[in-house]
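Here's the structure we're looking at; comments come further down.
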Amino acid sequence: MTIDSRQVAAGMLDAVPFARTLGFEFVEVAPEAKGGVRAVVRMPDSPATHNHVGGPHAGAIFTLGETASGAVVLAAFGQLLDRAVPLAVRAEIAYRKLAMGPVLATARLARPALDVIEELESGQRPEFDVEVEIATEDGKPTSAMTVVWTLRPN
């Protein structure tokens, strides 16, 4: 699988203007072993996104994770946009530690993209997880998130 990370980043920033508002930076979008996809999105430290204790607001962290998961979905299934619409179905996040400074979200497709595509091609509406780890820039995990996505046939 070949992924044009600049095209994915541009597509995400175009489709999700809120990601631009929060200043998200797409660090990496790349294929992984066994048909996987990984995306890393960075949220810079900004007082505009801080909460009452000086770290990034929970809503900003959630949006960062959901955006990283969306980049994975676009990279893995962008070639299907003419026949299916990707939609987030539900998400769960665990805030484990206060994040301070810039924050990175690393999202990974939880199963091979080909499995999802096969379900879609067999007439099903597949659901699949994207796992997201959110950490400080120096690698200390602060949150974990799972976003369940679907591909709704047109």
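Residues: numbered from 1 along the sequence shown.
Between Trp149 and Glu127 the shortest side-chain heavy-atom distance does not fall below 4.5 Å. A 4.5 Å side-chain heavy-atom check between Val132 and Thr106 finds every atom pair outside the cut-off. Counting heavy atoms from C-beta outward, Leu109 and Arg111 have side chains that stay 4.5 Å or more apart. Contact of the Pro153 side chain with the Leu120 side chain is registered, since non-hydrogen atoms from C-beta on lie closer than 4.5 Å. With a 4.5 Å cut-off on side-chain heavy atoms, Phe128 and Leu151 count as touching. The side-chain heavy atoms of Leu87 and Arg125, taken from C-beta on, include a pair separated by under 4.5 Å. The shortest distance between side-chain heavy atoms of Pro126 and Arg152 does not fall below 4.5 Å. Side-chain contact between Val73 and Val130 is present, with at least one heavy-atom pair separated by less than 4.5 Å.
The structure places CG of Asp45 at 7.5 Å from CE of Met100, a figure rounded to the nearest 0.5 Å.
Annotation: ring pair (Phe, Tyr, Trp, His ring centres under 6.0 Å) contacts involving residues 38-59, sequence neighbours excluded, are absent.
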### Task
Assess whether side chain to side chain contact (heavy atoms under 4.5 Å, CB included) is satisfied between Glu92 and Met145, documenting all intermediate values.
CA-CA 6 Å; Glu92 184 175 320; Met145 182 178 198; over 6 Å; no

### Message
One pair to check against side chain to side chain contact (heavy atoms under 4.5 Å, CB included): Ile61 and Ile93. What are the steps and the verdict?
### Response
CA-CA 9 Å; Ile61 291 172; Ile93 190 165; 4.1 Å; yes

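A donor-acceptor pair shorter than 3.5 Å cannot be found between the side chains of Arg96 and Ser143.
For Glu131, the side-chain contact (heavy atoms from CB on, under 4.5 Å) partners two or more places apart in sequence, or in a different chain, are Ala110, Asp129, Thr146. Not counting sequence neighbours, Thr67 has no partner by the side-chain hydrogen bond (donor to acceptor under 3.5 Å, both in side chains) test.
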Quick one: side chains of residues 14-24, donor-acceptor pairs under 3.5 Å with protein atoms, not counting sequence neighbours, listed by atom name and distance.
| unit_1 | atom_1 | unit_2 | atom_2 | d |
| --- | --- | --- | --- | --- |
| Arg20 | NH1 | Leu13 | O | 2.2 |
| Thr21 | OG1 | Pro17 | O | 3.3 |

With a 3.5 Å cut-off and sequence neighbours excluded, list the donor-acceptor pairs that the side chains of residues 77-85 form with protein atoms.
| unit_1 | atom_1 | unit_2 | atom_2 | d |
| --- | --- | --- | --- | --- |
| Gln79 | NE2 | Ala76 | O | 3.4 |
| Arg83 | NH2 | Glu121 | OE2 | 3.2 |

Side-chain donor-acceptor pairs under 3.5 Å in residues 35-43, sequence neighbours left out?
| unit_1 | atom_1 | unit_2 | atom_2 | d |
| --- | --- | --- | --- | --- |
| Arg38 | NE | Glu28 | OE1 | 3.1 |
| Arg38 | NH1 | Glu32 | OE2 | 2.7 |
| Arg38 | NH2 | Glu28 | OE1 | 3.4 |
| Arg38 | NH2 | Glu28 | OE2 | 2.8 |
| Arg42 | NE | Glu137 | OE2 | 2.5 |
| Arg42 | NH1 | Glu25 | OE1 | 3.0 |
| Arg42 | NH1 | Glu25 | OE2 | 3.3 |
| Arg42 | NH2 | Glu137 | OE2 | 3.1 |

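Hydrophobic clustering, with ILVMFWY side chains joined whenever heavy atoms are under 4.5 angstrom apart, groups Phe26 together with Val103.
Formation of a donor-acceptor pair under 3.5 Å by the Thr142 side chain with backbone atoms of Ile134 is found in this model. Between the side chain of Tyr95 and the backbone N or O of Ala58 there is at least one donor-acceptor pair closer than 3.5 Å. Proximity of a side-chain donor or acceptor of Asn51 to a complementary backbone N or O of Gly54 within less than 3.5 Å is detected.
Closest approach of Ala75 and Val29 over heavy atoms only: CB-CG1, 3.6 Å.
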